[in-house]
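Beneath this line is the structure, given in structure tokens, with notes to follow.
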Amino acid sequence: MKKETQSPSWWTTRWIALLVAFALVAAACGSGNDDDEGGEAPAPQATEAAPAPEPAETDGEAEPAPAESEPDESAPAPTQEPAETEAPAPEEEPEATPEPIVLTDSFRGVTSEAILIGHSSIDFEKLNADFGLDVPYQNFGPPFLALVDWYNEQGGVLGRRLEVVSELFLPVGPTTAEAACLKLTEDVQVFAVLNGFAGPGAEQVNTCVTELHDTILVGGLPNPEQAAAAGGLWVSPQMSLERRNTAMVSILEQTGRIDDLSPVMIIGAHPEQQSLVDGIAEELRAAGAEVPVVGVVTTTGDQFATQVEMDVYVERARSDGVVSILLAGEDNYRNTHLWNTAPEFVYLIGNGDRLADWQREPPDGLQSVTSVLTARGGPSPMEDPRILHCIDVIENALGIEVLPLEELGEDDIQHWAGMLNACRDLALFVQIAEAAGPDLTNEAWVAALDNVPDISVPGVEFASLSSEKVDAADELFLVEYDFDARAFIELAGPIDVG
């Protein structure tokens with residue numbers, strides 16, 4: 001079989017468009033009462049002696065009154081019952097007067113009046129112009145600034161206003177992303193960067209913020225190694241792709257589907273995922289599933305070699321009686337070849353939030369598959385009042401209409417991704433910064449990760465955060481792809497996988 005080839009220019013443009021779209025869809029992945037004065041108890045009132053009785057009338061002279069006898073000193077004096085009195089009311093302790101918050105110039109980018117934050121985002125206008133693309137996204141800067149203005153109107157962060165420096169980059173290669181990182185961290189010296197960097201070659205620049213410049217980053221999707229190296233400085237309102245893959249086991253177990261889908265074969269997208277798929281296999285076995293085959297694609301990027309490798313896996317699956325195949329990570333060559341040559345299996349997609357394009361154009365071979373199950377975030381967070389609030393603020397400030405992805409027409413500008421990233425990133429930043437207290441530093445930020453009360457992520461019902469778990473979202477839905485409707489149909493959820 002000959003390897004299919006295309007001209008370099010066609011592949012370059014097509015590859016850029018696809019990778020950018022994937023990154024963007026993942027993105028689509030801020031009165032005391034007066035003291036009561038205790039009154040004195042009233043003095044007890046003296047009781048009046050009973051009046052002496054009137055002498056009785058007689059016919060004769062009145063008998064002289066008997067002489068008063070001397071009191072017997074040895075006899076005890078008669079006692080008189082004291083009048084009942086109310087016990088004095090205990091005086092209430094005065095309410096403690098809270099210590100006034102003292103704001104100082106506590107850290108780089110933090111003064112007594114303001115917190116300087118950076119915002120990095122893709123320059124979609126330049127991307128379209130330079131590469132001949134037609135990506136219909138609004139730049140993320142305007143909705144972000146609109147929400148910052150709202151937070152400042154509410155008092156900012158414990159009285160400090162938010163000030164923003166925005167930098168644009170191209171999501172193709174690291175060049176412009178690195179320049180944006182250096183501008184924000186070295187030249188301006190912001191306290192934190194929000195949104196981060198996305199796109200092929202650009203997403204690796206996120207470590208420029210956290211590891212090279214010891215600066216907080218809110219946004220993006222750190223892998224476990226990057227999160228550990230950042231030491232709590234990199235947090236995300238989303239769920240990491242690694243945790244999303246392993247969460248499939250929890251979802252299948254909570255919904256009682258393990259037995260029906262066993263035995264399971266697991267195939268990772270590239271060699272670096274070997275430890276990930278081994279971990280998934282271990283959890284599946286602990287949940288009662290048979291997992292006879294576990295492997296990864298070792299021929300990433302070579303279509304013909306990947307097809308040959310998948311043929312070997314399919315023969316092993318058939319001989320071992322496999323019912324379902326769990327696909328971890330993204331590899332189009334792997335997926336389309338399996339769907340075309342082995343449609344009898346149930347396919348489990350580990351990180352389904354990257355499958356939004358299936359609604360417009362399902363991949364080749366998918367229509368012949370028995371069933372496709374995956375775990376995703378909610379179909380639409382439009383009913384969440386926190387999301388609706390962000391939409392209202394942005395629409396009123398910018399004079400636009402923010403529509404969810406499923407309601408967009410072919411010619412509509414996509415405002416949703418910019419709204420969602422700004423809404424979630426700012427909410428997470430403000431909550432952690434307030435929990436860190438008035439003496440805002442990197443160390444206070446990291447300590448606050450274990451003390452944020454009731455962490456909230458807009459559009460997500462379940463969330464949690466700690467210094468050991470920096471991807472906040474814990475909510476997933478089990479969905480199945482409907483081939484006729486070209487949409488994912490909800491089977492169960494929301495499910496807490498935290």
Side-chain angles (χ1 to χ4, degrees), residues 26-27 29-30 105-110 115-120 157-158 160 162 165 167 174 177-178 180-198 202-246 272 275-276 279 421 424-453 455-457 463-474 498:
C29 306
D105 300 350
S106 59
F107 199 69
R108 174 198 65 231
V110 181
I115 304 172
L116 186 61
I117 59 176
H119 182 250
S120 54
V157 177
L158 298 181
R160 289 186 174 103
L162 297 175
V165 176
E167 284 295 314
E178 286 177 345
C181 171
L182 295 177
K183 173 69 177 296
L184 294 173
T185 58
E186 290 188 5
D187 297 346
V188 181
Q189 296 191 348
V190 298
F191 173 69
V193 175
L194 275 67
N195 193 54
F197 301 95
E203 61 187 8
Q204 69 191 49
V205 179
N206 286 313
T207 58
C208 164
V209 178
T210 55
E211 296 180 36
L212 296 183
H213 293 92
D214 201 32
T215 299
I216 293 164
L217 175 61
V218 179
L221 287 171
N223 61 39
E225 293 76 19
Q226 291 170 332
L233 296 185
W234 188 353
V235 299
S236 173
Q238 304 180 66
M239 183 184 299
S240 71
L241 297 181
E242 287 75 16
R243 194 157 65 88
R244 186 181 300 279
N245 279 294
T246 58
E272 290 78 10
S275 61
L276 171 66
N421 278 20
R424 289 175 171 173
D425 290 349
L426 276 167
L428 194 62
F429 175 82
V430 170
Q431 288 174 85
I432 301 172
E434 288 185 341
D439 188 29
L440 187 57
T441 64
N442 276 6
E443 291 73 18
W445 171 277
V446 175
L449 297 180
D450 294 314
N451 298 292
V452 180
I455 189 70
S456 171
V457 176
S464 61
L465 199 66
S466 74
S467 54
E468 302 298 323
K469 177 185 174 293
V470 295
D471 57 332
D474 292 330

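The residues of the chain are indexed from 1 along the displayed sequence.
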Worksheet item: Yes or no on side chain to side chain contact (heavy atoms under 4.5 Å, CB included) for V190 and I117, after CA distance, side-chain angles and deciding distance?
Response: CA-CA 5 Å; V190 298; I117 59 176; 5.5 Å; no

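- Rounding to the nearest 0.5 Å gives a distance of 8.0 Å between CD1 of I216 and OG1 of T441.
- No donor-acceptor pair under 3.5 Å is formed between the side chain of S120 and the backbone N or O of E167.
- We find the OG1-CG distance between T246 and L276 to be 7.0 Å, quoted to the nearest 0.5 Å.
- Nearest approach of T210 to L217, heavy atoms of both residues: CG2-CB, 3.7 Å.
- Side chains of S236 and V470 form no contact here, defined as non-hydrogen atoms less than 4.5 Å apart.
- Listed by chain and residue number, F169, F197, A202, V205 satisfy the side chain to side chain contact (heavy atoms under 4.5 Å, CB included) test with A177 (two or more places apart in sequence, or in another chain).
- With sequence neighbours excluded, no residue forms a salt bridge (charged side-chain N to carboxylate O under 4.0 Å, His left out) with R160.
- A side-chain donor-acceptor contact under 3.5 Å links D471 to the backbone of S240.
- For E186, the side chain to side chain contact (heavy atoms under 4.5 Å, CB included) partners at least two apart in sequence or on another chain are L182, H213.
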Discussion item. Between I455 and L428, is the side chain to side chain contact (heavy atoms under 4.5 Å, CB included) condition met? List the steps.
Written reply: CA-CA 8 Å; I455 189 70; L428 194 62; 3.6 Å; yes

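- Contact detail for V457 and P237: the closest heavy-atom pair is CG1-O, 3.8 Å.
- For the atom pair CG of L465 and OG of S456, the computed distance is 12.0 Å after rounding to the nearest 0.5 Å.
- The side-chain hydrogen bond (donor to acceptor under 3.5 Å, both in side chains) check on D474 picks up R243, S464, K469, with sequence neighbours excluded.
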Indicate every side-chain donor-acceptor pair of residues 223-233 with a distance under 3.5 Å to a residue at least two apart or in another chain.
from	atom 1	to	atom 2	distance (Å)
N223	OD1	E225	N	3.1
N223	OD1	Q226	N	2.7
Q226	OE1	N223	N	3.1

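- For the pair L162/L426, a side-chain contact is recorded, criterion being any heavy-atom separation below 4.5 Å from C-beta on.
- For Q204, there are no side-chain hydrogen bond (donor to acceptor under 3.5 Å, both in side chains) partners at least two apart in sequence or on another chain.
- Residues meeting the side-chain hydrogen bond (donor to acceptor under 3.5 Å, both in side chains) test with S467, sequence neighbours left out: D450.
- Not a single side-chain hydrogen bond (donor to acceptor under 3.5 Å, both in side chains) links S106 to another residue, sequence neighbours left out.
- A search for side chain to side chain contact (heavy atoms under 4.5 Å, CB included) contacts involving N451 returns nothing, not counting sequence neighbours.
- Rounding to the nearest 0.5 angstrom, the gap separating the CG atom in L158 from the CG atom in D439 is 11.5 Å.
- Not counting sequence neighbours, the partners of D187 by the side chain to side chain contact (heavy atoms under 4.5 Å, CB included) test are K183.
- Of all heavy-atom pairs spanning A433 and L440, the tightest one is O-CD1, 4.1 Å.
- F429 and F191 have perpendicular rings, their planes meeting at more than 60° on a 0 to 90° scale where under 30° would count as parallel.
- Side-chain N or O atoms of W234 include one that pairs as donor or acceptor with a backbone N or O of G219 at under 3.5 Å.
- Taking CZ of R108 as the start and OG1 of T215 as the end, the distance is 4.0 Å to the nearest 0.5 Å.
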